[in-house]
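These notes concern the structure reproduced below.
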Amino acid sequence: MELRHELHRHPELSGQERQTKARLMAFIQKYTKLKIVDMGEWFYALYEPAEKNGQPPIAFRADMDALPVPETISLPYGSQNTGAAHKCGHDGHSSVLAALAVLLEEDADVHRPVYLIFQSAEETGRGGKPCADFLRETPVSEVYAFHNLSGYPEAAVMVRDRLTQCASVGLLVKFHGERAHAGTPEDGRNPAAAIASLALYSQQMKAERKEQEQEEPKEQEEHEEQEEYKEHEEQEEREEQAEQGGQEQKNQGIHLCTIVCMREGSLDFGISPGEGEIAFTLRTESDEELGGMEQALRRRAGQLADEYGLNVDFSTYDPFPATVNDPACAEKVRCAAAELGLKLAPMDQPWRPSEDFGWYTRVCPGAMFYIGNGMDWPMPHQPAYDFNDHILQTAASVFLKLAES
């Protein structure tokens with residue numbers, strides 16, 4: 001807990017976690033004999049048990065970066081870095097993994113190598129891939145991470161099979177025309193109409209997708225009737241899983257195209273501007289659907305550029321692949337929680353915010369699970385949020401139990 005508070009006092013933004021990394025490395029070096037390997041922006045610690053049982057290594061991951069937001073609540077360990085604060089709980093995630101480093105050496109039931117990965121730059125989606133690339137070159141057979149999550153009972157464990165967090169990307173579209181006098185706008189090429197049309201098109205995509213989703217159940221009605229008998233046979237099994245914390249999992253058909261910025265011109269009433277831009281956050285349930293949405297926007301932007309005599313270019317930001325849990329790994333989380341006597345809470349839908357743990361599950365079976373902050377605890381990224389210290393032990397205990405198995 002003291003380590004968590006120290007990390008909270010000194011938050012660092014994505015890709016800048018030098019002191020955070022140094023504090024975590026120093027903690028592990030002081031309290032354990034684990035091998036520490038500095039990988040530049042990130043590091044890992046390796047536990048090698050004296051007696052091995054032949055099982056392949058297991059890995060656990062925590063993120064270290066803070067958000068570019070000010071600390072607005074009064075805390076005895078409040079942020080001392082202007083414009084940065086741990087409003088997502090990565091200080092807690094890292095502290096749990098540091099606790100696991102200590103616990104591993106005290107647990108006689110851990111007989112396999114354990115990699116502890118302390119990752120940078122999760123908030124921008126840039127930190128996960130280098131760590132996943134490293135993991136690809138190791139004999140690690142499974143990888144786990146957790147996120148704190150509000151709106152669920154304190155210390156409850158939630159885990160989903162397969163899709164658990166969405167894929168997303170930021171897309172910036174810039175139109176380039178020609179400036180002119182506001183009295184003779186025909187002498188220039190103002191991109192305002194193209195920007196407005198692309199904004200409307202993005203909303204039209206959403207409406208068309210909704211219509212498609214409404215039609216799909218009708219097309220599947222005959223198939224569903226054929227499956228009715230099979231569904232009846234499986235009902236008892238699903239009910240039993242629900243009692244144990246599993247759930248009938250359904251996805252939401254998430255296809256979000258959120259306009260996050262529109263800029264063109266200024267309050268200079270004598271100028272018809274020649275430059276403008278619009279930015280979107282695209283969010284879907286799969287990497288393939290995300291790529292399709294992005295390509296549709298790019299095509300439409302190109303058509304509008306031709307129509308209005310403009311040039312157009314594109315930039316992408318904060319790419320996150322979908323986080324897809326391996327069902328066998330998710331089941332191991334449920335079993336670990338059950339052995340520890342923890343409450344398993346159902347999580348019927350994926351969590352919409354993206355998480356770059358998806359890079360890991362692309363290369364290695366694994367699972368992202370969640371620990372409840374409490375039903376009324378502020379959500380991550382909200383100004384009133386702070387990590388709930390009461391769940392530090394819960395998360396570390398689940399990690400340790402997974403390492404034992």
Side-chain angles (χ1 to χ4, degrees), residues 1-31 41-43 45 60-102 116-128 145-156 260 318 351 353-357 370-397 399:
M1 190 184 299
E2 290 177 4
L3 173 63
R4 206 280 289 184
H5 294 175
E6 182 67 10
L7 295 178
H8 193 97
R9 284 190 190 93
H10 305 283
E12 295 175 298
L13 302 182
S14 301
Q16 303 175 23
E17 307 96 324
R18 290 178 289 276
Q19 292 302 313
T20 301
K21 187 182 80 169
R23 286 185 172 92
L24 288 163
M25 292 174 69
F27 180 94
I28 295 171
Q29 187 173 38
K30 179 177 180 180
Y31 293 107
E41 291 189 342
W42 63 282
F43 77 97
F60 299 91
R61 168 272 206 174
D63 33 24
M64 303 184 291
D65 51 333
L67 287 167
V69 296
E71 185 85 87
T72 58
I73 56 177
S74 178
L75 296 170
Y77 48 86
S79 171
Q80 297 179 7
N81 295 349
T82 303
H86 274 292
K87 293 296 180 181
C88 196
H90 297 183
D91 51 345
H93 300 170
S94 292
S95 298
V96 164
L97 206 57
L100 180 62
V102 178
L116 309 180
I117 298 172
F118 292 83
Q119 179 207 305
S120 70
E122 188 281 326
E123 293 293 351
T124 60
R126 301 288 180 181
F146 92 97
H147 205 294
N148 67 100
L149 190 55
S150 304
Y152 289 87
E154 184 179 87
V260 297
D318 299 359
W351 193 25
S354 300
E355 161 63 63
D356 73 357
F357 190 68
Y370 309 88
I371 306 291
N373 286 321
M375 299 302 295
D376 300 320
W377 199 269
M379 289 294 292
H381 290 226
Q382 289 185 348
Y385 170 84
D386 181 39
F387 186 87
N388 184 348
D389 284 330
H390 295 159
I391 69 171
L392 286 168
Q393 182 175 346
T394 306
S397 297
F399 275 172

Next item on the list: Measure the shortest side-chain to side-chain distance between L97 and F399 over non-hydrogen atoms and say whether it is less than 4.5 angstrom.
Entry: yes

Next item on the list: Please test N148 against Y385 for side-chain hydrogen bond (donor to acceptor under 3.5 Å, both in side chains), starting from the C-alpha separation and ending with a verdict.
Entry: CA-CA 11 Å; N148 67 100; Y385 170 84; 2.7 Å; yes

Next item on the list: Flag the pair E6 and R23 as a salt bridge only when some basic side-chain nitrogen lies within less than 4.0 angstrom of an acidic carboxylate oxygen.
Entry: yes

Notebook entry, point to check: Does T72 use its side chain to pair, donor to acceptor, with the backbone of P383 at less than 3.5 Å?
Noted result: yes

Next item on the list: Determine the minimum heavy-atom distance between S120 and M64, stating which atoms define it.
Entry: N-CE, 3.9 Å

Item checked: Audit row: N81, E71, side-chain contact (heavy atoms from CB on, under 4.5 Å) steps and yes/no -> CA-CA 9 Å; N81 295 349; E71 185 85 87; over 6 Å; no

Note to self: Is it the case that over 12 heavy atoms from other parts of the model lie below 6.0 angstrom from the CD atom of Q382?
What the structure shows: yes

Note to self: Rounded at 0.5 Å granularity, tell me how far NE2 in H10 sits from OG1 in T20.
What the structure shows: 9.0 Å

Next item on the list: Just do the side-chain hydrogen bond (donor to acceptor under 3.5 Å, both in side chains) check on H147 and D63 with the steps written out, would you?
Entry: CA-CA 10 Å; H147 205 294; D63 33 24; 5.4 Å; no

Notebook entry, point to check: About how many Å separate CD1 of I371 and OG of S397, when rounded to the nearest 0.5 Å?
Noted result: 9.0 Å

Check: Atom OH of Y370 and atom OH of Y152: how far apart are they, to the nearest 0.5 Å?
Finding: 9.0 Å

Check: Just how far is it from atom CG of L3 to atom OG of S95, taken to the nearest 0.5 Å?
Finding: 4.0 Å

Checklist line | NZ/NE/NH1/NH2 to OD/OE distance under 4.0 Å, K21 and E41 | finding: no

Note to self: As an exercise, state the distance from CG of L7 to CG of L24, rounded to the nearest 0.5 Å.
What the structure shows: 5.0 Å

Next item on the list: State which residue, out of R126, H90, Q119, fulfils the side chain to side chain donor-acceptor pair (under 3.5 Å) condition with D65.
Entry: H90

Check: Does a donor on one side chain sit under 3.5 Å from an acceptor on the other, for E123 and S14?
Finding: no

Next item on the list: Give a yes or no answer on whether the side chain of E17 reaches the backbone of A121 with a donor-acceptor pair at less than 3.5 Å.
Entry: yes

Item checked: Donor-acceptor contact below 3.5 Å, side chain S79 vs main chain A84 -> yes

Checklist line | salt bridge (charged side-chain N to carboxylate O under 4.0 Å, His left out) involving D318 - partner list, sequence neighbours excluded | finding: none

Notebook entry, point to check: Side chains of L13 and Q16: closer than 4.5 Å at any heavy-atom pair?
Noted result: yes

Next item on the list: Considering non-hydrogen atoms only, spot the tightest contact between P380 and S150 and give its length.
Entry: CD-OG, 3.9 Å

Note to self: For F43 and F118, take the angle between the two ring planes, folded into 0 to 90°, and tell me which bin it lands in: parallel under 30, tilted 30 to 60, perpendicular over 60.
What the structure shows: parallel

Next item on the list: Show your working on side-chain contact (heavy atoms from CB on, under 4.5 Å) between V96 and F60 and close with a plain yes or no.
Entry: CA-CA 10 Å; V96 164; F60 299 91; over 6 Å; no

Next item on the list: Using atom types as modelled and distance alone, determine if a side-chain donor or acceptor of W377 lies under 3.5 Å from a backbone N or O of D386.
Entry: yes

Check: Rounded to the nearest 0.5 Å, what separation is found between the CD atom of E2 and the OH atom of Y77?
Finding: 12.5 Å

Next item on the list: Could you tell me which residues satisfy side chain to side chain contact (heavy atoms under 4.5 Å, CB included) with M375, sequence neighbours excluded, listed by chain and number?
Entry: P153

Note to self: Looking at every non-hydrogen atom in both residues, tell me the closest pair between G89 and F387 and how far apart they are.
What the structure shows: O-CD1, 3.7 Å

Next item on the list: Anything under 30° is parallel, anything over 60° is perpendicular, the rest tilted; go ahead and classify H86 against H8.
Entry: tilted

Margin query: Looking only at side-chain N and O atoms, does N388 offer a donor or acceptor that is under 3.5 Å from a partner on E154?
Written below: yes

Item checked: Derivation and outcome, side-chain contact (heavy atoms from CB on, under 4.5 Å), residues D356 and R61 -> CA-CA 11 Å; D356 73 357; R61 168 272 206 174; 2.7 Å; yes

